[in-house]
Structure formats: structure tokens, C-alpha cells
S.K.: 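I'd like to ask you about the structure that follows.
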Amino acid sequence: MPAVSETREAVEKLAKSNYEWGFETNVEMDLAPKGLNEDIVRLISARKKEPQWMLDWRLKAFRAWQDMSEPDWAKIKHPPIDYQDAHYFAQPKKKSGPKSLDEVDPELLRTYEKLGIPLHEQEMLAGVEGAGQKTPVAVDAVFDSVSVATTFRKTLAEAGVIFCPISEAIIEHPELVKKYLGTVVPVADNFFSALNSAVFTDGSFVYVPKGVRCPMELSTYFRINARNTGQFERTLIIAEDQATVSYLEGCTAPQRDENQLHAAVVELVAMEDAFIKYSTVQNWYPGDENGKGGIYNFVTKRGICKGDRARISWTQVETGSAITWKYPSCILAGKGSVGEFYSVAVTNGRQQADTGTKMIHLAPDTRSTIVAKTISAGQSDSTYRGLVRMQPKARNGRNFTQCDSLLIGDQCGAHTVPYIESRNMSARIEHEATTSKISEDQLFYCRSRGFSEEEAVGLIVNGFCREVLKELPMEFAVEAQKLLQISLEGSVG
Amino acid sequence: MSDFLKIEGLKAQIDADGTPKEILKGLDLTIPKGEVHAIMGPNGSGKSTLSYVLAGREDYEVTGGSAHFKGQDLLELEPEERAALGVFLAFQSPVELPGVNNANFLRTAVNAVRKARGEEELDAVSFLKLAREETSRLSMSGEMLKRAVNVGFSGGEKKRNEVLQMRLLKPSLAILDETDSGLDIDALRIVAEGVNSLRGPDFSSLVITHHQRLLEYIVPDRVHVMAHGRIIHSGGPEVATLLEKQGYKQFLEAAA
């Protein structure tokens, strides 16, 4: 079919276009020597001025990691990673901590500007004072492992919400960190989480007290910037009884020659009637047309609905990375608690994604929803891997899973691997899956209305993802669509 | 300038399971500016193929002849370039676009075409105002703007949605491929009115239909009878009436 072959040509041509956000910031870096051993773990802890208990925790994780090996069950392929050939600590040099944006290295601010991060947008600032005009967004910007600027702390503090870099929380709120860190993802949960636990340098910490509805969307932008620096983010979000919080995470990475390892851990704890919404737009550098130089993204994200009727909702739009290994999961421990997973994964070129979710139903009347949309183009390979487990006590547990794959061209692959385990007769699990191609009819229909072929593909793909995109908070939805559009321009059509 | 659309000796084939099948076998047709022409013909005569070839569908391979519109070689243009030039095809079976909001689709289409024509793009507010006026004119529920393009629309709703698109895109050549099929008499009247109100010195239309009924509402300047991939007879509106009474037989025999 001519149009499809043309689309494929367009894909192949555009896949070669340069990664739009591939630039590097020249800020002097404070680098730890390459390699990983106990001394490096001690050095990281010392540089972060951490208390002894934190160092002990890291060392425990490091020792566990040494006895573990990389998981090999995912449908991904990559050359062996030399964990000794990376820097585990990088920090922009600075005299003392900046107290306002004026003190932030202008080079950093320019980088953010290029990325379009609205760190000091007038509109947003007006949002704080002009009450109710526009929901403001608080940004905790993580620049290569160290948070350099945090906005809106005051408004949040007035509401009793703690939103700060986790390194700061370790010093300022040790009781909270000690109580929850590693409770959802134990240090030795898996190879990558153990590695992260040993060497994480920063990330975000959020604590929303009982009955508080967080007054703004919380937002963190990640960016890997130093050459050969593994990035190990650690995020911990706690919502007490009846608390509500929406957290947005987005990232872009500059162009690289060598593969970079990214192994983040995110833990969410939702107490009774609490609601945590965690949204991600991920755009790590996917590598060149031969797949060289992209980010390896091995992430462990897990939330627990501890209290009754708690709800955790994951929404992700994944367009980047050479390899994605990521399964945001929910443990439904509270009676009537709810877990949700909405995902769009776009792969192109030689990208590989093995992603999905796990819904572990422990308590009665728990419900979970999974909507996973996979778009594969070029020579990419994408796998949805999902587990739904109903434990014996999950009476009347409900799950609905929908997996839709859209293929562009004839050299890509899409796979669906659902694992369903039910140990309770009253539980109900539904699974729907479809695989489709963009039809010739749809393309022609759009083009006859004046859309170019690229626009038509973009429109159809956006329509395909709508169920997921509409789950994103307003502030993020536009950005996500833009990102999808960019990755479509540079990848699909 | 009187020859707005000029088709000469047009031949086109489609790939039918590996073997090419010729469908248009040397078709001639001229539509002057401002005129509405109708094509009638039995099933399989190539009417829909003609509409697809004119709109630029790539499954059809043009093997001979030419088609010019406003002096431009239509066959050289991409479908979206033809749309910008003013060609509009109302589909016989409008295509569903799951998840694509109808209003959004319409606005993007209108602005794509406006931009290509060097006109100013419409902002969301003025577009919505225009779209609401047009939907009520076609007795469509405003709800249809909020739904996904053609998804879950009834046959009649789909056809009205085509006419809505046509009115918003303001084409200079509208090809209506059996837009009357599946419409009840009230819907037919509304659709016809939607077309008639566009009639003017700068609007031409090619109405493809099986039934004379539509032509009672959209009275054509000329009627062409098509069979076996060619126009075999042309005449005034009376041809439609004749066809309705006597069928295609006499024309087919005369052409044989």
C-alpha cells in the first residue's frame, strides 16, 4: 500500500533527524571517581552530609546488590553494563546554596529555558498571588542529582505540605524518611532498586498531612547532564488520611555517545481515603538511528494503598530511552482501595520497551484499571507486561485491563504478556487486547480534508491515546501532546 | 475559464489480488465553473472510483488521460494539496477516527485548508461559533461536535457530518459520492439544502447518485450516464427523469 510505504519512508528519514533537545550545559562538575564500591557509597553519603542511619541503610543495600544479578526475563537486549565504568556522583560546583533564582547559575537557567521549563514564568508566579486564577505548579528542579531551585515552598508550607529534595528531607525530617523509605520497595527488591538504594543522590520528597488537599500540582524535571553519570533518583510520596496530591514528573536528556543508566525508585504511600496521582512524561534520549547512545531506563515504581478506600493512579507517557524497563505498580492493601495505570508507550528507531504494571489485590472490594496503549514504529520493539493478582482475601476484587497496540510500518514489534493470578473465586478480571495498524482509509480521509500525511498520523495516534492523555492533569496534558507530536514528527511521521 | 474541471480520456486501475483491474476506461467529463453536474450509473460502473481518483486516493493507479482543475494538473497533486485547491469529496462511507474529537478535527482541517489558501486561521472561539451555526442549519445535535469523528454515528449522522465538513471547508468543487444513500426524506432535504445554499458562480459540484430523488432537490445543470468506466450519455436534468422511468438499458444498448 503506497501510503503506508511512504509513511515508512518518512519514519526512516525522520528517525535520522537530530534529537531536538540534545545539547549540553557547560557547568563545572564535581565528579566522584569512576567505579562502585563501599568507599563510593560512603563518599556519596558524606557529600550529602547524611546521618549515620542513612549511611548504614545504603551500605546494607550495597551489600545486597553485590549478591544480586541483573534480571533477564524482560524482552530487551543490550550489551552488558559495566557498573564500574560510571561516575556515581556528579554535582554542579557552587559556593553556597542558592537562596533564590537570582543566585542560580544562569547557565542552568538557560538550559531550563531551552527545555521550556516554566520555572520562573510570570504567568505561574501570578498564579500564586492571583488566587484561583490558574492552578500554580511547584517545580523542584533536579539538575544532575542536585536540586538547585525550589519554588512555591512557602505556599506549600502554609498548607502543611512538605515538598523538598529527598536529601534535605533526610536531614530535616528524618523521622518521616526513616518510617517510610524502603517500605514499599525494599532495598533488595530487585537488582536495580538495590543499586538505587545504595547510591541514590537525590530526588523528591512529598508529605501531605491528614485531610490536606495539596494546593498545587507538584512537578519535578529531571535531566541527565554529566557525561557517564548514572542517575539514581529516589522519590518518596506520603499522603496521610484523606490527603490528596498530584505529582508530575517529566524529563528530557541531552544527546550522548555512550549509554547512560537511569535506575530510579519511586515509592508512594496512600493512607485511608487518600489519593495520589502520579503522572510522568518521559523523553530520555533514545539513541541515534542505530540505537547508539540512548538512555537505559530501569525504573522501579510502586505504590501502596495502605488505608481503606485509598487510591493511587499512575499515568505515563513514555516516548524516550533506548531501553525502558518499568512497571509502576499498586499494592491494594486497604479495603476498597483503587489502583489505576494509564500508559502510552511510543517506540521508534531501535528503541526497546518492556513496560506495564502490577496490580496486587490484597484486600476485599479492591478495584484496579489498566489502560495501556503501545505505539511501535521503525524497527522498535515494545512489550506490555502486566500482572494482576487476586490474593485469597481479595473478595469481590475487580480488574479491568485494556491493551491496545498500534503498529506503524512492518519492521516493528508489539507484544502483550498478561499474567493473571486469581486466588479468590469472587474476584473478576477482564482483559481486552487489540492490535491495529493505521488504516489506509483513515489516512486518506484525513488527507482529503487537508491534513498532511504526518499530521494525519499524529491526529490518529493522538486519538488512539486519548483515553490515557485525558488522565493527565491539565498542566501536563498540553506538554504531553506536544511531546507526543515532537516524537511523532521525529519518529512516526 | 469556463472549463473548471476537465477530464480527458482518464484511465485508472486497481490492484485486485495481484492482477490489475481497469475500472476507468477513457473517461471524458467537463464541468464549467458554477455548474452542478450529476453522474448516474449502475453498480460497478466506476462512479466511486472516479471520485477517489479525483480526490487522490493512492490505491488507484492512473494509467492514462488527464484531469485538470483550475488549470492545474490534478493528478500531480497530493490529496491535501487538492483539498487546499478546493476539491472536496463527501465520502460514501465516512471513516471513523476513534478518539479524535470531531470539533478538533474540523477546526484543524479548516485551518489547514485556510492556511494553504493564504487565509487567516480561525481561533477556537470563532470556529466554535461557526460550527454551531452550521450544525443547527443541518439539524445536527451540537453533541456531535464533541464526539469522536464518525464513531458511533448513524448512517444519516455520518452523511450530515460530511456535509458539515463541506460547508466549513468551503470547496470550489464538491464531489458527493452517493451522499443520499441511507438518508430518509427529511435528511435528504436538509442535505440538499446544505449543498444548494453553496451554489453560486464559484462553486461547482459533481453529484454521484443512484436515484433521481436527490436530483429533485439538487437540480443539476447536466446529467451524465456512466457505464463500464466511461460517460456514455450526457444531457439536461430530464435525463434523470428518463432513467428513473426506463432504467439504464436503453443507454447501455445505445452505447454498445
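Labels below follow one simple rule: chain letters A, B, ... track the order of the sequence lines, proteins then strands, and each chain is numbered from 1. Remember, predicted model here, so these are calculated numbers, not experimental data.
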S.K.: For atom CZ of A/R367, is the number of surrounding heavy atoms from other residues, nucleotides or ligands below 6.0 Å larger than 12?
M.R.: no

S.K.: For the residue pair A/Q442 and B/P98, establish whether any side-chain heavy-atom pair is separated by less than 4.5 Å.
M.R.: yes

S.K.: Just how far is it from atom CG of B/N104 to atom CZ of A/R466, taken to the nearest 0.5 Å?
M.R.: 9.0 Å

S.K.: Rounded at 0.5 Å granularity, tell me how far CD in B/E96 sits from OH in A/Y445.
M.R.: 10.0 Å

S.K.: Is any side-chain heavy atom of B/R57 closer than 4.5 Å to one of A/L443?
M.R.: no

S.K.: Against chain B, label A/F464 side chain, backbone, both or neither, depending on which of its atoms sit under 4.5 Å from a heavy atom there.
M.R.: backbone

S.K.: Chain A heavy atoms under 4.5 Å from B/E162: which part of the residue, side chain, backbone, both or neither?
M.R.: side chain

S.K.: Please find the pair of heavy atoms, one from B/A83 and one from A/G450, that lie closest to each other, and give the distance.
M.R.: CB-N, 3.7 Å

S.K.: Atom NZ of residue position B/K25 - does it have more than 12 heavy atoms of other residues, nucleotides or ligands inside 6.0 Å?
M.R.: yes

S.K.: What pair of heavy atoms forms the shortest contact from A/S448 to B/P79, and how long is it?
M.R.: N-CB, 4.3 Å

S.K.: By a 4.5 Å heavy-atom criterion (distance strictly below it), what part of B/A55 contacts chain A: side chain, backbone, both, or neither?
M.R.: both

S.K.: Quick check on B/T108 against chain A: is it the side chain, the backbone, both or neither that has a heavy atom closer than 4.5 Å?
M.R.: both

S.K.: Need one label for B/V110: side chain, backbone, both or neither, based on atoms under 4.5 Å from any heavy atom in chain A.
M.R.: neither

S.K.: Over 60° means perpendicular and under 30° means parallel, so classify the ring planes of A/F444 and B/Y52, tilted if in between.
M.R.: perpendicular

S.K.: Specify the closest pair of heavy atoms between A/R449 and B/L169, including all atoms of both residues, with the distance to one decimal.
M.R.: CD-CD1, 3.8 Å

S.K.: Quick one: CG on B/L97 to CG on A/N462, what's the gap to the nearest 0.5 Å?
M.R.: 12.5 Å

S.K.: Once rounded to the nearest 0.5 Å, what's the spacing between atom CZ of B/R82 and atom CZ of A/R447?
M.R.: 9.5 Å

S.K.: Checking B/P94 against chain A: side chain, backbone, both or neither under 4.5 Å from a heavy atom?
M.R.: both

